Amino acid sequence: MIILSVESTCDETAVALVRDGREVLTDQVFSQADLHAIYGGVVPEIASRSHVEVISQLADRALAVSGIRKSEIDAVAVSYAPGLIGAVLVGLSFAKSAAAALGVPLIPVHHIRGHMAANYLAYPELAPPFVCLAISGGNTLIVDVRGYTDMAVMGATRDDAAGECFDKTARVLGLGYPGGKPVDLAARGGDDLRYDFPVARIEGRPYDMSFSGLKTSVVNLVHHAEQTGGELNRADLCASFQRAVSESLVPRAVAAAREAGRKVLVAAGGVAANSRIRADLEKAAAAAGLTLYVPPLRLCGDNGAMIGAQGYYEYLAGHIAGSDLNAYASLSLDAANDTVWTAGR
Ligand code: KG4
């Protein structure tokens, strides 16, 4: 089964062709990062307008590069939530039109489910059940993936996402946008114990996380140094910051996998590209006897193929949307388990 998949929830526009949920025929991704960099973050209207400009061209290129004919496309999958609403609407409208024009089903895909499914593209043997640490620019979740389309959120951030925290840290340090990779690079060789950043714990909710205190702590430290002329060691600061983020994420993910009785731990999302978090996950998973899957770097950030991968399993579960499918800025990952889809176009 060949699925044309569409992603436009934030600042990447992507159109991919994926066979049977596991084989990427092509993945055309246009990153808008340069358009937003001067503002230090994503500007929603610029994002929407850029998606409109490039999405048709990406679809044309996907067909041209793969050599797949329109008549070979069996379904269209689209990331309909969560995300910047104007941005999501562009991909959704395009996908609806494509499904109607091709006369094929429209498959709704929750963006974070897509991030998790990126792992299916890299690891043919990977199958649920497993626990997934999903860490992206807008979401931070620990999820028990009981089946391909049956998920239970075990924990989530109460405030900022881990990626937002990286981006804010990069911003106050003048490292540019998006901030995760520059912070990761700046941390190399730094002393991760030099600065004592907070790791929040939430009473009675062992798998929930909070990053707003950490973010404020970094901002205050930098501003205080600027105002008093104090010296900050950037490598040490970034290394200490990464330690705090990793200590918030990794032990919780491992403990959640144990509690759920899973043998496999999976990471997903843009922040899963972080070298410190990857290294800590490896150590912690090995110590706990868990098999770990971390996506290759190219599949950590937003892409179209991950939507086609998850779309295949949503299709097998009968999740076919009607022409009334709407976009949602926020939508719980497990709410998507119970959605009754109005099949047919
Ligand atoms: O998954 P993604 O591409 O977009 C969303 O679905 O939100 O994640 C983007 C986030 C950004 O916050 C970016 O700074 C972060 O992933 N990121 C990283 C790294 N590379 C990207 N964070 C930490 N370390 C990295 N190496």
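Since we're looking at a predicted model, the values are computed, not measured. Counting starts at 1 for both ligands and their atoms, following the listed order. Numbers here simply count residues along the sequence, with the first being 1.
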Specify side chain, backbone, both or neither for D167, according to which of its non-hydrogen atoms lie closer than 4.0 Å to ligand 1.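 Side chain only.
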Check each heavy atom of D184 against ligand 1 and say whether those closer than 4.0 Å belong to the side chain, the backbone, both or neither.
->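 Side chain only; the backbone of D184 stays clear of ligand 1.
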In Å, rounded to the nearest 0.5 Å, how long is the span from [atom1] of [X] to [atom2] of [Y]?
X    : Y    : atom1 : atom2 : value
D334 : M151 : CG    : CE    : 10.0 Å
I277 : D184 : CD1   : CG    : 8.0 Å
S210 : D160 : OG    : CG    : 7.5 Å

Ring centres under 6.0 angstrom apart (Y148, Y312):
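Between Y312 and Y148, which both carry aromatic rings, the centre distance is not below 6.0 Å.
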> Taking the six-membered ring for Trp, are Y120 and Y313 ring centroids under 6.0 Å apart?
Replying inline: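 Ring-ring flag for Y120/Y313: true, centres closer than 6.0 Å.
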If you count the atoms of ligand 1 from 1 in the order shown, which ones are under 4.0 Å from a heavy atom of [X]?
X    : value
G163 : 12 (O)
G301 : 3 (O)
G138 : 7 (O)

Can you tell me the protein heavy atom closest to [atom] and the distance?
atom                    : value
atom 4 (O) of ligand 1  : D302 OD1, 3.3 Å
atom 18 (C) of ligand 1 : G180 CA, 3.4 Å
atom 24 (N) of ligand 1 : N274 ND2, 3.1 Å
atom 17 (N) of ligand 1 : G270 O, 3.5 Å

Within the structure, is a non-hydrogen atom of H115 found at a distance of less than 4.0 Å from ligand 1?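 For ligand 1, residue contact (heavy atoms, under 4.0 Å) with H115 is present.
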Exercise for the section: Using non-hydrogen atoms of the residue, decide whether C10 is closer than 4.0 angstrom to ligand 1. Expected result: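 Heavy atoms of C10 never come under 4.0 Å of ligand 1.
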D208 with R205: basic N within carboxylate O range, under 4.0 Å =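 Salt bridge: yes.
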Between K168 and E164, does any NZ, NE, NH1 or NH2 come within less than 4.0 Å of an OD or OE carboxylate oxygen?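 No, this pair does not count.
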(Q) Going by the closest heavy atom to atom 10 (C) of ligand 1, which one wins out of G137, A273, G114, A268? (A)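 Among G137, A273, G114, A268, the closest heavy atom to atom 10 (C) of ligand 1 comes from G137.
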Are H111 and D302 close enough that a side-chain donor and a side-chain acceptor fall under 3.5 Å?
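There is such a pair (donor and acceptor under 3.5 Å, judged by atom type) between the side chains of H111 and D302.
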